[in-house]
2 protein chains.
Amino acid sequence: MNKRVTMKDIAEKLGVSKVTVSKALKDSPDISSSLKEKIIKTAQEMGYIYNAKGRMLRENLTYSIGVISSEKYYGKDDYFYIDLYKHLSNSLEKLGFTTTFNIISQSDENDLSVPNALLEQKVDGVVILGQMSLDYIQKILSYNYPTVFLDFYCDKFNVDCVITDNFYATYEITNMLIEQGHTQIGFVGNIYATSSIQDRFLGFYKALLENKIDLNKDWIIKDRDDNNNFIDIILPKNLPTAFVCNCDKTAYLTIEKLKSRGYKVPDDVSVVGFDDSLHAVLSQPKITTVRVNLEEMGRRTAKMMVEKIKQGEKHYGKMLIKGKIIIRESVKALK
Amino acid sequence: MNKRVTMKDIAEKLGVSKVTVSKALKDSPDISSSLKEKIIKTAQEMGYIYNAKGRMLRENLTYSIGVISSEKYYGKDDYFYIDLYKHLSNSLEKLGFTTTFNIISQSDENDLSVPNALLEQKVDGVVILGQMSLDYIQKILSYNYPTVFLDFYCDKFNVDCVITDNFYATYEITNMLIEQGHTQIGFVGNIYATSSIQDRFLGFYKALLENKIDLNKDWIIKDRDDNNNFIDIILPKNLPTAFVCNCDKTAYLTIEKLKSRGYKVPDDVSVVGFDDSLHAVLSQPKITTVRVNLEEMGRRTAKMMVEKIKQGEKHYGKMLIKGKIIIRESVKALK
DNA sequence: CTGAAAGCGCTTACAG
DNA sequence: CTGAAAGCGCTTACAG
């Protein structure tokens, strides 16, 4: 492992200069095709593997992106962020980049402990995947890498972000319920807990407004406390005919709660979720939900990041990616 | 971003040499503590960030490990490998390493497409996380990086591995059932599908042998085909009093199947699983299972990897990590 | 305790 | 079409 073949070795073997080898291996038009062929063949025979460490130093660029994410997004029932990571890193691969991935523990987040990759300039840019504490984000930003927030935004910092169009998606799914005859619709989610939930709520609210349906405050139900810990869902005395839930887990818990009170879903109450997570499929009935376009989000983030690095920190602002409604069994039409 | 402060800048500012700066920043005893202090202070003031690219080239070491894993382990109900990744990369961080993470798509695995990190020597070693196709593994090994297999082994290649002690864990959990009075015990899992399932079966079998309980072939039930695709579980006419399932998902499906046939779990039949995955908790009743010690597996893999790199490819062989039985509700004692 | 020299593997700008 | 020179940011071995 320790003694790898270098361009110099190939050059010496063929009696050419290493500049020529370098150019041939990157298929430069400078080199005659016959020589190119010979060099490529010899490189293969000698077991040459390109060593990016030289280029890294020369260009002061690692062609590597650091992805940073909080461990709280990788619990047993969170499929979402690992899938998003997969799409992001695959897109980066195609652009010639590698990806380092740090799942930050709660204690490291509290201690503002920064991954080695950023401490030692082993990445050219940073993607923060999912909301983290403001202090932690600030700490990361203090290293001055080109940065993109993925799946969240934060107006406190003027950082580009790629997010799913939460507002529009709940607007659409609420409209779907209204078209199916529902006029008494509740929302389940703590609208102060995260900006995603807030936006989803506002999309829900816009659909009501457009259809001149009153917002009943008793039908806005908390699913978690302000620190994002799930709490027991308390059903109102008078039930609406449908609930829009801020996420599938909450939809699942809402359905369980309704069932435990003797209600049937969707016969008595319709329920919709968000995320298309495992809960949507394991629930009985299976939950009609919104599938976020993770592939598109990953691709756009990768492209944005690479452009920022190569073209000197362009600004993009907020990029919204549309989701898609997935129809399952948890909604009943009233007309 | 582009013009970062370097050691040279600090040296010039203070009128010392960059060797002195380098030594001071790594707290070498060569430098007087007063000068050291001055250099560290100036570095901070100037916003110096250590640039590992220089060291990488010098030492031909990136202090980075590539983790490669198949996308099939990151489905909606797989929590396992991302957790293992987290522990592994956290352990590597503590040893001063960064981790690149590639989730290989099925098509890339078929095409033997290798991550950029390996193509360009951007890592010092490789961890393959979870079984992949032999061809793909062979391709990866052809790059001659120090390699560790994590959570699987393959006698075809003489590569070090860190695996959970599947054999011993099902041996233990089967013994637990026997101690609780069960003598009619089945196994659910295709024992030809993976080496893990095979080892788990053999641990089960050993417990039977030790207790002079006959192995009833009708009670060895397939949960998947030989390509690892889950199939409908077919219950035998005469049921045993307990099933040892090769994983929680299978335990979950077995319980669902039993319930649909009118049996009660654990009153009529006890069921145990393996992995302590989401299925174990979402199932009703919750499943008694084996929790694998992912933290220990990550830590041992990290240590092994770093030692191989620094001490020149030591060999370790097969390292077995013990799991732990988690008692829940799906087992009833018969005495 | 401090520093000048050499070099890691590559690429770019330039000369021929 | 080919190559000599310079340099990216660091560290090690050595001289003083």
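By convention in this document, chain letters (A, B, ...) are assigned in the order of the sequence lines, proteins followed by strands, and residues within each chain are numbered from 1. Keep in mind that what you see is a predicted model, and the values were worked out from it rather than measured.
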- Query: Given C:dC10, C:dT2, D:dT2, which nucleotide is nearest the side-chain atoms of A:Met7?
  - Reply: C:dC10
- Rounded to whole angstroms, how far apart are CD on B:Glu59 and P on D:dG9? 17 Å
- Can you tell me if the side-chain N/O atoms of B:Thr6 get under 4.0 Å from OP1 or OP2 in D:dG9? no
- Just compare C:dG3, C:dC10, C:dA13 and give me whichever is closest to any side-chain atom of A:Lys23. C:dA13
- Message: Is the terminal nitrogen or CZ of B:Arg300 (NZ for Lys, CZ for Arg) located under 6.0 angstrom from the six-membered ring centre of B:Tyr316 and within 45° of that ring's axis?
- Response: no
- Query: Quick one: is A:Ser22 getting a side-chain N or O under 4.0 Å of the C:dC10 phosphate, OP1 or OP2?
  - Reply: no
- Reckon A:Asn51 touches a base, only the sugar-phosphate, or nothing at all at heavy-atom distances under 4.0 Å? sugar-phosphate
- Message: Please determine whether a side-chain nitrogen or oxygen atom of A:Tyr48 lies at a distance below 4.0 Å from atom OP1 or OP2 of C:dG9.
- Response: no
- Message: If you go through the side-chain atoms of B:Lys53, does one of them form a donor-acceptor pair with the base of C:dG9 closer than 3.5 Å?
- Response: no
- Note on the structure: Ranking C:dT11, C:dA13, D:dC1 by distance to the side chain of A:Arg58, first place goes to C:dT11
- Query: Does B:Lys41 pair with B:Glu37 as a salt bridge, N-O distance under 4.0 Å?
  - Reply: no
- B:Asp30 CG to D:dT12 P: how many Å, rounded? 11 Å
- Atom CG of A:Asp9 to atom C1' of C:dC10: distance rounded to whole Å? 13 Å
- Message: Looking at D:dC10, I'd like to know if its phosphate oxygens (OP1 or OP2) sit under 4.0 Å from a side-chain N or O belonging to B:Tyr63.
- Response: no
- Integer-rounded Å distance: C:dC10 C1' and A:Arg4 CZ: 16 Å
- Closest non-hydrogen atoms of B:Lys322 and B:Asn293, given as atom of the first, atom of the second and distance, are O-CB, 3.5 Å
- Task: State whether a side-chain donor-acceptor pair under 3.5 Å links A:Tyr85 with A:Thr99.
- Result: no
- Task: Starting from C1' on C:dC10, measure out to CG on A:Leu61 and report it in whole angstrom.
- Result: 14 Å
- Task: Searching all strands shown, indicate the nucleotide that pairs with C:dA4 (Watson-Crick or G-U wobble; both distances under 3.5 Å).
- Result: none
- Query: More 5' along DNA chain C: B:Val16 or B:Leu57, using each one's nearest nucleotide?
  - Reply: B:Val16
- Between B:Ser32 and A:Val19, just flag the one whose closest nucleotide in DNA chain C comes earlier from the 5' side. B:Ser32
- A:Lys26, nearest nucleotide to its side chain (from C:dT2, C:dT12, C:dC10): C:dT12
- Query: Looking at A:Tyr145, does the NZ or CZ of B:Arg4 lie under 6.0 angstrom from its six-membered ring centre and within 45 degrees of the ring axis?
  - Reply: yes
